[in-house]
Each structure stands twice: as C-alpha cells, then as structure tokens.
*Asks:* 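First, the structure itself, so that you have it in front of you.
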Amino acid sequence: MKIATWNVNSVRIRLDKIIDWLAVNPVDILCLQETKVIDANFPESAFTAIGYHAYYSGQKSYNGVAILSRVPLTEVSTGFIPLLGANKVEHFDEQKRLITGKIDDTQIICVYVPNGSEVGSDKYLYKLQWLKFLHEYLQISLKTNPRLCICGDFNIAPEDRDVYDSVKSEGAVGVSPVERQALQNIMQLGLADPFRRFTSEGEYFSWWDYRQGSFRQNRGWRIDHHYLSLPLYEQAISCTIDLAPRRLKQPSDHTPVILEISGN
DNA sequence: ATGGCAACACACTGTTGA
C-alpha cells in the first residue's frame with residue numbers, strides 16, 4: 001500500500017498537476033494540505049473521474065485538508081472535536097487542519113500543522129496549542145487504532161539535517177527547540193519517521209521557498225512527514241520524496257512524499 | 001538586506017506562508 005502526502009498550495013490552481021501526478025503515481029492514498037477551498041467548491045468530480053474517493057474539510061482562502069483514496073474510507077471525521085470534545089477544543093476547529101478515516105484496519109490522519117509565523121507571536125502560541133491538542137488526539141486514537149499513519153505538512157523540521165542551513169535558521173519558527181520538543185513528545189506516544197528508517201543523510205527536503213531560486217540551489221526544509229505506529233513502521237518498505245512536481249512550471253512550494261508499506 | 005514569490009479576496013493592496 002502506498003500513502004502519499006502533498007501540500008498543494010491550492011487544490012484548484014494545482015488540479016491538473018495533481019491529476020497528472022496520480023496518473024504516474026497511482027498511490028492508494030493521497031493526503032492533501034492547503035486546499036484553500038470551501039467544501040462546496042472542492043473539485044471532487046475530477047478525482048472521482050480517475051477512480052478516487054475524496055474526503056475533504058476546507059475553508060475560504062486558507063488551510064484545508066483532504067484525503068483521496070482508491071477504496072472508500074470508513075469512520076471519516078474532521079477536526080479535534082470528535083475525540084476531544086467541543087468544550088476543550090473551543091475555537092481550534094475553525095481552521096480546517098485535520099481529517100481522518102480508516103482503510104481496512106489502518107487509521108489515516110491528514111494534518112496541516114499551523115505555520116506559526118514567528119517565534120513568540122500569537123500564531124506561534126496557536127501552533128504550540130494546536131500541537132498539544134494533536135498529542136492528546138493521537139494518544140486517544142492509538143488506544144483503539146494500533147495501526148495508525150499520520151502524515152501531512154507539520155511545519156517543523158525535526159533535526160538540523162532537515163534544513164539546508166541550520167546555523168542561519170537556528171531558533172527560527174519551524175526549527176525552534178520548543179516546536180521540536182512538541183514533535184518529540186508526539187513521537188514518544190509510539191510513532192516513528194519512516195523516512196529516517198531508510199535515509200540518514202541531509203539534503204533531502206520537501207519544501208523550498210518560491211523566492212531566490214531556492215529549489216534550484218536545493219535550499220529547502222524537510223517539513224512534510226509520515227509518522228507511523230510501530231506495527232506499521234515495521235512494515236515500511238520505502239519512503240521517498242518525489243522532486244518531479246517541484247520542477248514543473250507554477251508548482252506548489254512543497255513536493256510529494258511517498259510511503260510504501262507491505263501488504264495489500 | 002524584511003527584499004525576493006505565489007495564492008487569495010468585499011482584490012489593484014494587504015495577508016499569509018516558513
């Protein structure tokens with residue numbers, strides 16, 4: 001089974017590129033982030049026409065997540081409230097950043113973690129609180145779903161080898177020690193990064209700034225991840241970054257990451 | 001060097017992204 005994740009930076013602007021990519025890469029699951037469209041306008045028919053079921057949770061202009069799947073998903077839900085309750089979550093589900101569903105006995109969670117703007121800002125505090133909710137959400141999920149894959153744009157480069165210039169970017173949003181610790185806390189629930197099971201070197205990135213020819217010079221960050229519960233992690237066969245879509249004209253600033261696990 | 005680039009909206013300028 002192949003599970004890919006791709007922050008497409010507008011599903012409508014990138015629609016042809018996503019369709020073309022799926023023709024070449026017929027993954028079982030594709031998780032999308034930054035769809036930037038309300039549900040009523042999600043281009044569902046374009047995906048059903050090529051054999052994918054689409055599940056989505058979006059809003060106007062910002063954020064938005066979706067899961068495309070070759071087979072129907074079960075137990076689809078969006079946001080934190082279904083597991084954590086409206087009293088606790090309050091306004092944190094207004095931004096559409098989480099969608100989940102099950103394929104066979106495996107839970108897939110697609111997330112778009114907040115950017116955080118800059119360290120110390122209100123948006124940074126929002127990001128940290130959102131990560132606390134995610135921690136609690138996963139803690140509950142793992143109790144009933146030992147086979148769990150969460151993937152998406154985490155907006156965190158876990159280690160110095162995941163950024164092109166770790167000295168220059170030290171302490172910045174996305175690499176700050178507090179954010180990295182929050183991600184560590186989540187992994188300590190019993191999740192592991194399959195990309196690092198197969199690749200230990202640096203210079204592998206999933207996002208490059210549009211400006212200053214960053215992609216040409218491979219000045220990027222690895223911020224799009226899969227995290228697998230241990231039963232799934234043991235079944236991982238490969239985890240690779242596909243640079244091809246980033247080379248096209250009018251690309252997303254992110255490129256897909258593809259996980260393959262044995263079975264099915 | 002707070003610029004650079006791209007998408008979006010009560011758009012022709014301001015916000016967000018990381």
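Predicted model, so just to flag it, every value in this text is computed and none were measured. Worth knowing before you read on, the calculation uses all heavy atoms, side chains too, and leaves out hydrogens, waters and symmetry mates. Letters go in sequence order (proteins before strands), and every chain restarts at 1.
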*Asks:* Does anyone know the first and last nucleotide of DNA chain B in reach of chain A, 5' to 3', at under 4.0 angstrom to a heavy atom?
*Replies:*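 On DNA chain B, the outermost contacted nucleotides are B:dG4 to B:dA18.
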
*Asks:* Nearest heavy atom decides the nucleotide; on that basis, is A:Arg14 or A:Trp221 closer to the 5' end of DNA chain B?
*Replies:*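 Mapping each residue to its closest nucleotide by heavy atoms, the 5'-most match is A:Arg14.
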
*Asks:* A:Asp224: which residues meet the salt bridge (charged side-chain N to carboxylate O under 4.0 Å, His left out) condition with it, sequence neighbours left out?
*Replies:*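 Testing A:Asp224 for salt bridge (charged side-chain N to carboxylate O under 4.0 Å, His left out), a comparison that skips the adjacent residues, returns none.
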
*Asks:* Mind checking the C1' distance from B:dA6 to B:dA11? Whole angstroms is fine.
*Replies:*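 Approximately 15 Å lies between the C1' atom of B:dA6 and that of B:dA11.
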
*Asks:* Report the residues that fulfil side chain to side chain donor-acceptor pair (under 3.5 Å) with A:Thr100, sequence neighbours left out, ordered by chain and then residue number.
*Replies:*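 A:Thr100: side chain to side chain donor-acceptor pair (under 3.5 Å) contacts with A:Gln107.
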
*Asks:* As a test of understanding, state which of A:Leu138, A:Leu228, A:Leu232 forms a side-chain contact (heavy atoms from CB on, under 4.5 Å) with A:Leu191.
*Replies:*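 Per the side-chain contact (heavy atoms from CB on, under 4.5 Å) rule, the option paired with A:Leu191 is A:Leu138, out of A:Leu138, A:Leu228, A:Leu232.
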
*Asks:* Report the hydrophobic cluster partners of A:Val257, with the cluster defined as I, L, V, M, F, W, Y residues connected by side-chain heavy atoms closer than 4.5 angstrom, directly or transitively.
*Replies:*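 Taking Ile, Leu, Val, Met, Phe, Trp and Tyr as members, A:Val257 shares its hydrophobic cluster with A:Val163, A:Tyr164, A:Val175, A:Phe195, A:Tyr204, A:Phe205, A:Trp207, A:Trp208, A:Phe215, A:Trp221, A:Ile223, A:Ile241, A:Leu243.
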
*Asks:* Taking atom P in both B:dG14 and B:dG4, compute the distance separating them and give it to the nearest angstrom.
*Replies:*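 My reading of the P atoms in B:dG14 and B:dG4 gives 14 Å.
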
*Asks:* Which residues pass the side-chain contact (heavy atoms from CB on, under 4.5 Å) test with A:Leu230, not counting sequence neighbours?
*Replies:*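 Partners of A:Leu230 under the side-chain contact (heavy atoms from CB on, under 4.5 Å) test: A:Ala192.
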
*Asks:* On DNA chain B, nearest-nucleotide positions of A:Trp207 versus A:Arg211: which is more 5'?
*Replies:*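 That would be A:Arg211.
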
*Asks:* Using the C1' atom as the reference point in each nucleotide, state the distance between B:dA7 and B:dC12 in Å, no decimals.
*Replies:*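 After rounding to an integer number of Å, I get 15 Å for this pair.
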
*Asks:* Near DNA chain B, counting only heavy atoms under 4.0 Å, which residues of residues 167-182 of chain A show up?
*Replies:*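 Hits under 4.0 Å, by residue number: none.
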
*Asks:* Among all residues two or more places apart in sequence or in another chain, which pass the salt bridge (charged side-chain N to carboxylate O under 4.0 Å, His left out) test with A:Glu44?
*Replies:*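 For A:Glu44, no residue satisfies salt bridge (charged side-chain N to carboxylate O under 4.0 Å, His left out) once neighbours in sequence are set aside.
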
*Asks:* For the side chain of A:Ser10 and the backbone of A:Ile13, is there at least one donor-acceptor N/O pair under 3.5 Å apart?
*Replies:*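 Side chain of A:Ser10 to backbone of A:Ile13: a pair is present.
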
*Asks:* Using a 4.0 Å cut-off on heavy atoms, which residues in residues 112-120 of chain A reach DNA chain B? List them by number, or say none.
*Replies:*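 Per residue number, the list reads A:Tyr112, A:Asn115.
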
*Asks:* Given the C1' atoms of B:dA18 and B:dG3, what is the spacing between them in whole Å?
*Replies:*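 Straight-line distance between the two C1' atoms is 16 Å.
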
*Asks:* Have a look at A:Asn63 and say if it touches a base, only the backbone sugar-phosphate, or nothing, with a 4.0 Å heavy-atom cut-off.
*Replies:*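 A:Asn63: no heavy atom of the nucleic acid under 4.0 Å.
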
*Asks:* What interatomic distance, in whole Å, is found between P of B:dA1 and the corresponding atom of B:dT15?
*Replies:*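 Going atom to atom, P in each nucleotide, I get 25 Å.
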
*Asks:* Please measure how far the P atom in B:dT16 lies from the corresponding atom in B:dC10, and state the result in whole Å.
*Replies:*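 Straight-line distance between the two P atoms is 14 Å.
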
*Asks:* Going by salt bridge (charged side-chain N to carboxylate O under 4.0 Å, His left out), name the residues that satisfy it together with A:Glu136, two or more places apart in sequence or in a different chain.
*Replies:*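 In terms of salt bridge (charged side-chain N to carboxylate O under 4.0 Å, His left out), with neighbours along the sequence ignored, A:Glu136 is linked to A:Lys88.
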
*Asks:* Restricting to pairs with a member in residues 94-122 of chain A, which pass ring pair (Phe, Tyr, Trp, His ring centres under 6.0 Å), not counting sequence neighbours?
*Replies:*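 Output for this query is empty, none listed.
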
*Asks:* Return the set of residues passing side chain to side chain donor-acceptor pair (under 3.5 Å) with A:Tyr233 (not counting sequence neighbours), or none when no residue passes.
*Replies:*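 Testing A:Tyr233 for side chain to side chain donor-acceptor pair (under 3.5 Å), a comparison that skips the adjacent residues, returns none.
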
*Asks:* Can you sort out the partners of A:Arg161 under salt bridge (charged side-chain N to carboxylate O under 4.0 Å, His left out), two or more places apart, ordered by chain and number?
*Replies:*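 A:Glu159.
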
